[in-house]
Amino acid sequence: MRSGTEKAALLNKIKAPEKVAPSDQLLQAREEKELFDIQVEKDQSRHTNHLTVLSIWVLGIAGLVLLLLRMYHFLTPLSWQWLNADQIQTLDKLLFSGTLGSILGKYGGSVFSKANS
């Protein structure tokens, strides 16, 4: 515990807040708001990036599971398979049409732009 004189000495060291003109307060408030808005924007961007990475992982794992399932049905005897021909065909459409579409979308734009120039 501090004695009364120590407390008084500490209180004397504390300075009273400086008087700030109203225009300075407005400038300071604007600066704080701008900094807050920048921080909120960064947080939203970071959140969006996390969601994007998570969705890429989920879609990649789902695609891998579908591919492994298709390989299993391709390699095993008919007695071990549980999907019928229509279900396998639907699985093939899901796997390969989406893959071809994404490849065409990714590389097709650069091929067509080179062909047109």
Side-chain angles (χ1 to χ4, degrees):
M1 297 295 289
R2 296 182 181 183
S3 65
T5 55
E6 289 177 353
K7 288 181 184 177
L10 286 174
L11 286 175
N12 288 335
K13 288 182 182 179
I14 297 175
K15 295 181 180 178
E18 296 178 17
K19 298 284 183 180
V20 180
S23 62
D24 291 343
Q25 288 177 343
L26 288 175
L27 288 174
Q28 183 179 5
R30 283 187 194 144
E31 289 174 1
E32 288 174 358
K33 184 180 181 318
E34 288 173 6
L35 290 174
F36 178 76
D37 291 343
I38 290 170
Q39 186 62 39
V40 166
E41 198 172 301
K42 285 180 183 177
D43 290 343
Q44 288 174 343
S45 175
R46 191 174 334 148
H47 180 70
T48 303
N49 289 342
H50 288 305
L51 285 177
T52 303
V53 169
L54 178 65
S55 64
I56 289 170
W57 274 99
V58 168
L59 289 174
I61 290 171
L64 183 64
V65 167
L66 290 176
L67 186 64
L68 290 173
L69 180 65
R70 180 60 182 113
M71 287 174 47
Y72 175 82
H73 275 272
F74 184 70
L75 297 174
T76 58
L78 288 175
S79 61
W80 292 4
Q81 298 176 6
W82 66 88
L83 295 176
N84 61 31
D86 290 337
Q87 292 171 327
I88 292 174
Q89 186 178 14
T90 303
L91 185 65
D92 287 343
K93 285 181 192 175
L94 188 71
L95 276 173
F96 300 115
S97 66
T99 303
L100 290 176
S102 66
I103 290 171
L104 287 176
K106 185 174 183 180
Y107 298 110
S110 63
V111 169
F112 288 125
S113 65
K114 289 178 184 177
N116 290 333
S117 59

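The analysis underlying the following values was restricted to heavy atoms, covering all of them including side chains, and did not include hydrogens, waters or symmetry mates.
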Q. Which residues satisfy the ring pair (Phe, Tyr, Trp, His ring centres under 6.0 Å) test with Trp82, sequence neighbours excluded?
A.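 Here the qualifying residues are Tyr72, His73.
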Just how far is it from atom [atom1] of [X] to atom [atom2] of [Y], taken to the nearest 0.5 Å?
X	Y	atom1	atom2	result
Leu75	Gln81	CG	CD	9.5 Å
Ile88	Arg70	CD1	CZ	5.5 Å
Gln89	Asn84	CD	CG	10.0 Å

**Q.** Same apolar cluster (I L V M F W Y, side chains within < 4.5 Å links), Met71/Leu91
**A.**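 Yes, one cluster joins them.
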Q. For the hydrophobic clusters of this structure (ILVMFWY residues joined by side-chain heavy atoms under 4.5 Å, transitively), does one cluster hold both Trp80 and Leu83?
A.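 Per the 4.5 Å side-chain linkage, Trp80 and Leu83 are co-clustered.
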Q. Which residues, ordered by chain and number, are linked to Leu35 in its hydrophobic cluster, where ILVMFWY side chains connect at heavy-atom gaps below 4.5 Å, directly or through other members?
A.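 None; Leu35 is a cluster of one.
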Q. Just wondering, are more than 12 heavy atoms of other shown residues or ligands nearer than 6.0 Å to CD in Gln39?
A.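 Yes.
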Below 3.5 Å, can you tabulate the donor-acceptor pairs from side chains in residues 59-66 to any protein atom, sequence neighbours excluded?
none

Q: Go through the steps for Gln87 and Thr90 under the test side-chain contact (heavy atoms from CB on, under 4.5 Å), then give the verdict.
A: CA-CA 5 Å; Gln87 292 171 327; Thr90 303; 5.6 Å; no
